[in-house]
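Convention: sequence-line order gives letters A, B, ...; per-chain numbering from 1.
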Amino acid sequence: MAKDKKFVEAITSMDEDFAQWYTDIVRKADLADYSSVRGCMIIRPYGYAIWERIQGELDRRFKETGHENVYMPMFIPESLLQKEKDHVEGFAPEVAWITHGGSEQLTERLCVRPTSETLFCDHYKNIVQSYRDLPKLYNQWCSVVRWEKTTRPFLRTVEFLWQEGHTVHATAEEAEEETLRMLNVYASFCEEVLAIPVVKGRKTEKEKFAGAKATYTIESLMHDGKALQSGTSHNFGDGFARAFGIQYLDKDNQLKYAHQTSWGVTTRLIGALIMVHGDDSGLVLPPRVAPVQLVIIPVQQHVEGVLEKAYELRERLSRVCRVKVDDSDRMPGWKFSEHEMRGIPLRLEVGPKDIEKNQVVLVKRENREKLFVSMEDLETMIPRLMDDIQKSLYNKALKHMEERTFTAKDLDELERKINEKQGFIKAMWCGDEACEDKVKERTSATARCIPFEQEITGDKCLCCGKDAKHMVIWGRAY
RNA sequence: CGAGGUGUAGCGCAGUUGGUAGCGCGCUUGGUUUGGGACCAAGAUGCCGGGGGUUCGAGUCCUCUCACCUCGACCA
């Protein structure tokens with residue numbers, strides 16, 4: 001990480017205390033603040049701007065793959081929530097209940113949605129009659145509530161923002177295709193926009209979503225070697241359709257159950273951005289997700305012509321990037337630190353000396369590399385630099401993930417390696433949940449996923465020694 | 001839900017044996033400054049988390065309570 005001398009002591013070093021480092025960034029980069037509601041945070045303008053970037057990029061990809069946005073109620077009648085047995089069992093412990101409307105007790109309790117499968121199903125039941133009605137490809141942007149006991153800004157809060165896609169299809173094949181298509185949308189979004197490499201795979205039975213036939217996941221690795229589930233896509237088969245009676249008349253005049261999927265990502269992705277790219281000076285944002293890509297810092301801004309030049313550059317460069325001028329009356333050094341904490345990819349310094357030489361100073365956030373660039377070259381230079389930074393951040397993260405991916409042939413080795421250095425551990429598994437439990441008990445690592453790209457590292461289960469069925473990535477997770 | 005910790009100015013903290021509240025940062029005003037968190041001067045800011053007690057007197061002692069943080073068990 002940044003060996004450069006630390007200019008400001010506002011953020012705890014990540015080697016000293018990773019959790020504190022994380023919290024410091026959340027607050028110093030103005031992403032979020034604590035609220036007066038337990039476990040709920042206030043997403044501040046800068047944090048919300050990042051979410052809007054994420055929303056914009058994802059929403060475009062959803063539309064490109066044929067999805068439409070809708071909005072469902074925030075409340076679910078208790079009877080509706082209970083229709084699918086596994087689903088309600090999975091969520092019951094963490095739902096918030098509304099018992100009163102005004103001063104009157106409700107005849108039926110309402111739950112504040114922890115997820116909206118049941119609402120979508122209830123609606124699909126009404127609008128799906130014929131194979132001609134299928135598929136239905138809906139998505140909604142909303143917040144959901146899960147009464148979590150332990151919370152952390154962005155990573156786990158009682159209320160959080162997300163999108164949930166819910167689709168209905170005629171056949172099992174189409175549903176499976178959709179499930180994987182959306183997982184791939186998430187994966188390419190994470191890699192291309194957030195510059196976060198991911199491992200794609202399937203969740204084990206134990207880890208899959210309550211009520212799903214199969215859950216697919218993208219897992220990413222944080223700087224401290226802990227895993228973060230960054231997005232999931234579920235294939236429900238016809239389980240919900242049977243519970244809710246979603247049937248359609250097919251071409252062959254047979255009444256058939258529909259097949260469904262759901263998929264979601266949350267504001268947790270902002271936590272991932274912090275923990276994958278951040279350093280001891282603060283947040284580091286990949287240009288494609290940064291609300292501000294270039295900040296112009298006038299130096300000696302009281303000198304005639306300096307501010308004017310800064311505004312002129314803003315005008316010119318706003319055509320090639322998202323740009324801001326910091327013309328507050330802070331010291332330049334203060335501004336440097338401030339915008340580094342906020343992770344702005346590129347800084348442009350312009351002062352009397354530069355104007356005289358018809359140049360500016362560009363400084364890359366990721367490594368503080370300094371470039372002296374002629375005024376004329378900025379329009380061509382800046383977009384190129386953005387691309388370079390984007391790639392460089394991805395490559396750094398990928399290298400880190402590779403360096404922190406180990407293999408283990410048995411439980412002892414897994415335990416030893418994970419205690420030595422946290423990361424992804426590849427190990428063979430027989431498929432038995434008892435072995436999965438034992439791994440967790442011994443090492444507190446869980447099965448992150450069964451990667452699509454299976455790399456056979458042995459033929460025996462790491463735990464029981466019986467014949468192995470899958471290679472699993474294990475890790476301690478957020 | 002278990003274990004630990006913290007609540008005093010916007011933030012971080014100090015506050016002795018119980019005697020009526022202080023420091024740093026930030027904030028305001030004026031001036032000098034400006035290429036890595038400038039300096040000087042003058043200011044403003046407190047239901048000491050909340051309730052109840054002990055006491056002539058409580059930030060301080062007792063008691064109850066609430067909130068938040070961190071780490072574990074459960075989860076995106």
Side-chain angles (χ1 to χ4, degrees), chain A residues 4-11 17-20 22-24 27-28 33-41 89-95 114-115 143-164 186 203 206-210 215 217-220 227-234 262-272 281-282 297-303 306-307 326-341 347-357 359-361 363 368 370 372 440-441 444 446 476-478:
Chain A
D4 317 52
K5 106 172 177 265
K6 218 172 149 200
F7 292 111
V8 178
E9 302 294 329
I11 295 169
D17 184 344
F18 193 81
Q20 190 58 49
Y22 177 83
T23 311
D24 284 351
R27 306 199 64 175
K28 295 289 176 184
D33 205 348
Y34 293 103
S35 73
S36 45
V37 188
R38 183 200 74 89
C40 297
M41 64 170 171
E89 275 175 20
F91 282 100
E94 49 186 4
V95 293
T115 177
S143 76
V144 289
V145 167
R146 299 181 188 174
W147 218 256
E148 299 288 350
K149 285 156 188 155
T150 308
T151 60
R152 297 189 66 189
F154 295 111
L155 298 176
R156 171 161 296 106
T157 46
V158 166
E159 181 188 11
F160 57 93
L161 301 181
W162 77 345
Q163 58 66 219
E164 45 179 328
Y186 288 155
K203 285 288 185 188
K206 180 184 163 72
E207 300 283 334
K208 77 178 187 191
F209 181 82
T215 290
T217 177
I218 49 171
E219 298 286 323
S220 50
L228 188 78
Q229 179 176 307
S230 304
T232 47
S233 186
H234 316 288
S262 87
W263 26 274
V265 297
T266 76
T267 34
R268 172 180 267 192
L269 288 175
I270 296 173
S281 301
I297 315 263
V299 176
Q300 293 190 50
Q301 63 187 41
H302 61 285
V303 172
V306 171
L307 268 178
D326 186 345
D327 54 7
S328 66
D329 61 2
R330 299 283 191 183
M331 304 292 289
W334 195 94
K335 296 180 189 178
F336 297 164
S337 302
E338 185 67 11
H339 296 107
E340 277 174 11
M341 282 193 280
R347 168 173 93 227
L348 186 156
E349 300 172 22
V350 60
K353 281 188 273 178
D354 303 301
I355 295 171
E356 206 177 300
K357 292 187 228 163
Q359 64 162 38
V360 299
V361 182
V363 183
R368 290 209 181 93
K370 221 171 225 193
F372 297 87
K440 184 170 184 187
E441 198 185 309
S444 80
T446 51
R476 293 188 184 134
Y478 275 102

**Request:** Using side chain to side chain contact (heavy atoms under 4.5 Å, CB included) as the criterion, point out the one residue from A:T267, A:T266, A:L161 that pairs with A:F154.
**Result:** A:T267
Please find the pair of heavy atoms, one from [X] and one from [Y], that lie closest to each other, and give the distance.
X      : Y      : result
A:T157 : A:R152 : CG2-O, 3.7 Å
A:E164 : A:T115 : OE1-OG1, 3.5 Å
A:F91  : A:P114 : CD2-CB, 3.9 Å
A:P298 : A:V306 : CB-CG1, 3.7 Å

**Item:** Residue whose closest nucleotide on RNA chain B lies nearer the 5' end, A:L155 versus A:I355
**Value:**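 So the residue in question is A:I355.
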What's the closest nucleotide to the side chain of [X] if the choices are [options]?
X      : options             : value
A:T151 : B:G36, B:C69, B:G35 : B:C69
A:K440 : B:C69, B:G35, B:C74 : B:C74
A:R368 : B:G36, B:C74, B:G35 : B:G36

For [X], which contact category applies under a 4.0 Å heavy-atom criterion: base, sugar-phosphate, or nothing?
X      : answer
A:P352 : base
A:K353 : base
A:L228 : nothing
A:T157 : base
A:Q229 : sugar-phosphate
A:F160 : base
A:E338 : base

Roughly, in whole Å, what's the span from [atom1] in [X] to [atom2] in [N]?
X      : N     : atom1 : atom2 : answer
A:R152 : B:U70 : CZ    : P     : 6 Å
A:K335 : B:G35 : NZ    : P     : 11 Å
A:K206 : B:C74 : NZ    : C1'   : 10 Å
A:E207 : B:C74 : CD    : C1'   : 11 Å
A:E349 : B:G36 : CD    : C1'   : 9 Å

**Same-atom distance (C1') from B:U60 to B:C48, integer angstrom** = 10 Å
**Request:** Between B:G19 and B:C64, how far apart are the C1' atoms? Round to whole Å, please.
**Result:**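 Going atom to atom, C1' in each nucleotide, I get 27 Å.
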Give every pair of a protein N or O atom and an N or O atom of nucleotides 4-12 of chain B that lie under 3.5 Å apart, one pair per line with the distance.
none

**Request:** State the pairing partner of B:A42; accept Watson-Crick or G-U wobble contacts with both distances under 3.5 Å, and report none otherwise.
**Result:** B:U28
Would you list the protein and nucleotides 31-34 of chain B atom pairs, both N or O, that sit under 3.5 Å from each other?
unit_1	atom_1	unit_2	atom_2	d
B:U34	O2'	A:Q300	N	3.0
B:U34	N3	A:H302	ND1	3.4
B:U34	O4	A:H302	ND1	2.5

**Asked** With respect to A:T215, which candidate in A:K203, A:H234, A:E207, A:K208 satisfies the side-chain hydrogen bond (donor to acceptor under 3.5 Å, both in side chains) definition?
**Response**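 Checked A:K203, A:H234, A:E207, A:K208 against A:T215; only one passes side-chain hydrogen bond (donor to acceptor under 3.5 Å, both in side chains): A:H234.
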**Message:** Could you check whether A:K28 pairs with A:E340 (Lys NZ or Arg NE/NH1/NH2 to Asp/Glu carboxylate O, under 4.0 Å)?
**Reply:**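 Result for this pair is no, no salt bridge flagged.
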